[in-house]
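All remarks here apply to the structure that follows.
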Protein chains: 2
Amino acid sequence: MSTLLEQLIEAFRVLPGVGGKSAQRMAYHVLERERAGGQHLAQVLAEAVVRIGHCARCRDFSESEVCHVCASASRDVDQLCVVETPADRLAIEQATGYRGLYYVLQGRLSPLDGIGPRELGLDRLSARLAEGEVRELIIATNPTVEGEATAHYLAQLARQQGVTPSRLAYGVPLGGELEYVDRGTLSHSFGTRSEIRE
Amino acid sequence: MSTLLEQLIEAFRVLPGVGGKSAQRMAYHVLERERAGGQHLAQVLAEAVVRIGHCARCRDFSESEVCHVCASASRDVDQLCVVETPADRLAIEQATGYRGLYYVLQGRLSPLDGIGPRELGLDRLSARLAEGEVRELIIATNPTVEGEATAHYLAQLARQQGVTPSRLAYGVPLGGELEYVDRGTLSHSFGTRSEIRE
Ligand SMILES: [Zn+2]
Ligand SMILES: [Zn+2]
């Protein structure tokens with residue numbers, strides 16, 4: 001039977017990127033200096049894993065049936081941005097001035113892992129596009145093989161419903177130096193170059 | 001009023017080395033893939049911050065009044081190793097074959113921060129040495145300015161009670177290359193060189 005301290009160290013390892021050494025540091029740190037903060041974390045965490053579910057509209061994390069973005073009256077309902085994960089949604093929300101709505105796949109098409117259109121809720125997305133409110137489907141899946149395949153599928157889905165699909169621009173990051181950009185990105189960026197107009 | 005998800009992200013920041021970005025990753029990871037693990041962590045953490053106190057004998061973390069090391073009948077009572085933190089104690093326990101007992105200062109002498117002998121429980125340590133059971137006080141405070149001052153103080157304390165003080169060896173790490181060892185270590189190591197006997 002292990003001690004409570006050993007159990008605590010072990011329990012911290014459930015967190016991403018936390019190995020034995022940092023789990024130990026976390027346990028000691030909380031016990032030495034942050035008991036109140038640790039107690040607060042325990043309470044919020046216990047509540048979160050039970051109470052946070054998924055928005056019925058966009059599938060993002062939400063405590064309520066419909067999340068506050070989907071429920072907002074001040075968002076543009078004619079733009080819908082599709083992302084793979086809640087973290088991607090948050091990144092776009094924080095970095096851009098986008099005022100439309102989102103759809104969170106909670107994954108990407110991956111037939112070998114048994115993840116098809118149904119698992120990503122694409123039937124519901126299709127029904128939503130059929131409602132006619134959405135005019136542009138902004139596809140922001142990741143520029144990976146599976147993300148691209150998913151984007152391709154989503155674009156077809158949009159066109160079937162008379163919705164314009166669009167895709168984020170991918171290329172050399174601003175401030176990046178060509179010398180240090182990976183080959184794939186550089187090749188893609190070169191191939192999708194555009195004319196400079198006056 | 002922030003959402004439960006925002007509160008969770010904020011709460012994770014109490015952990016050492018966890019900034020906004022990793023707190024966010026932790027929250028998403030637990031919600032997406034580790035709800036059971038998160039629930040377990042919450043429960044163990046809540047229990048730990050309330051139930052883990054300090055051993056009355058060695059001041060290390062302990063759920064019981066006397067920790068299992070101090071309570072063990074198979075440890076050598078004539079050696080006492082003094083360390084600054086519970087993490088230091090664990091490191092020695094895991095790396096060496098040491099079978100004596102420990103004394104955890106939970107700090108080091110630091111007059112400017114108001115940390116004197118009393119705050120480190122040195123009165124109790126002194127009383128323990130006076131009992132006559134301990135024959136060697138192994139001083140394993142860190143090789144920093146404050147750690148050295150603490151070691152110096154502890155050595156005097158030991159001698160007053162007729163106990164032999166000893167200090168870990170400090171120098172070039174095994175497998176380390178001289179070229180990459182910091183100056184202070186190299187200088188110390190050079191100054192404390194010893195004769196090679198046949
Ligand atoms: Zn929503
Ligand atoms: Zn103890």
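Quick note on labels: first sequence line is chain A, next is B, and so on, each numbered from 1.
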Exercise for review: Classify the side-chain pair Q79(A)/Y98(A) by whether it contains a donor and acceptor separated by less than 3.5 Å.
Suggested key: no
Check your understanding: Between R51(B), R25(B), R35(B), which has the largest tally of heavy atom pairs under 4.5 Å with chain A?
Key -> R35(B)
**Study point:** Which atom of C81(A) lies closest to which atom of I92(A), heavy atoms considered
**Key:** SG-CD1, 3.9 Å
Check your understanding: With distance as the sole criterion, is a donor-acceptor pair present between the side chains of T141(A) and E84(A) under 3.5 Å?
Key -> no
Exercise for review: Scan side-chain atoms only and decide if E136(A) and T164(A) contain a donor-acceptor pair under the 3.5 Å cut-off.
Suggested key: no
**Study point:** F61(B) versus chain A, the contacting section by heavy-atom distance below 4.5 Å
**Key:** side chain
Study note, to complete from the structure: Max heavy-atom pairs within cutoff under 4.5 Å with chain B, candidates L4(A), L8(A), L90(A), I52(A), goes to L4(A)
Point to revise | Non-hydrogen atoms of R57(B) and R128(B) that approach each other most closely | key: O-NH1, 3.2 Å
Check your understanding: Looking just at side-chain N and O atoms, do Q106(B) and H54(B) make a donor-acceptor pair shorter than 3.5 Å?
Key -> yes
Revision key, fill the gap. Note: vs chain A, highest number of non-hydrogen pairs under 4.5 angstrom among V44(B), V50(B), L45(B), V18(B) is L45(B)
**Study point:** Residue part contacting chain A, namely of E47(B), when any heavy atom lies under 4.5 Å
**Key:** both
Revision key, fill the gap. Residue from L15(B), V30(B), L5(B) scoring the most non-hydrogen pairs under 4.5 Å with chain A is L15(B)
**Study point:** Pair Q161(A)-S126(A), side-chain donor/acceptor within less than 3.5 Å
**Key:** yes
Check your understanding: With a 4.5 angstrom heavy-atom cut-off, which part of E63(B) approaches chain A: side chain, backbone, both or neither?
Key -> side chain
Review point. Non-hydrogen atoms of chain B under 4.5 Å away: do they reach the side chain of E32(A), the backbone, both or neither?
Key: both
Practice item. May I ask you to name which of A27(A), A48(A), A36(A), A46(A) has the most heavy-atom pairs under 4.5 Å with chain B? Key: A48(A)
Exercise for review: Name the member of G37(B), A11(B), P16(B) that forms the most heavy-atom pairs with chain A at distances under 4.5 Å.
Suggested key: P16(B)
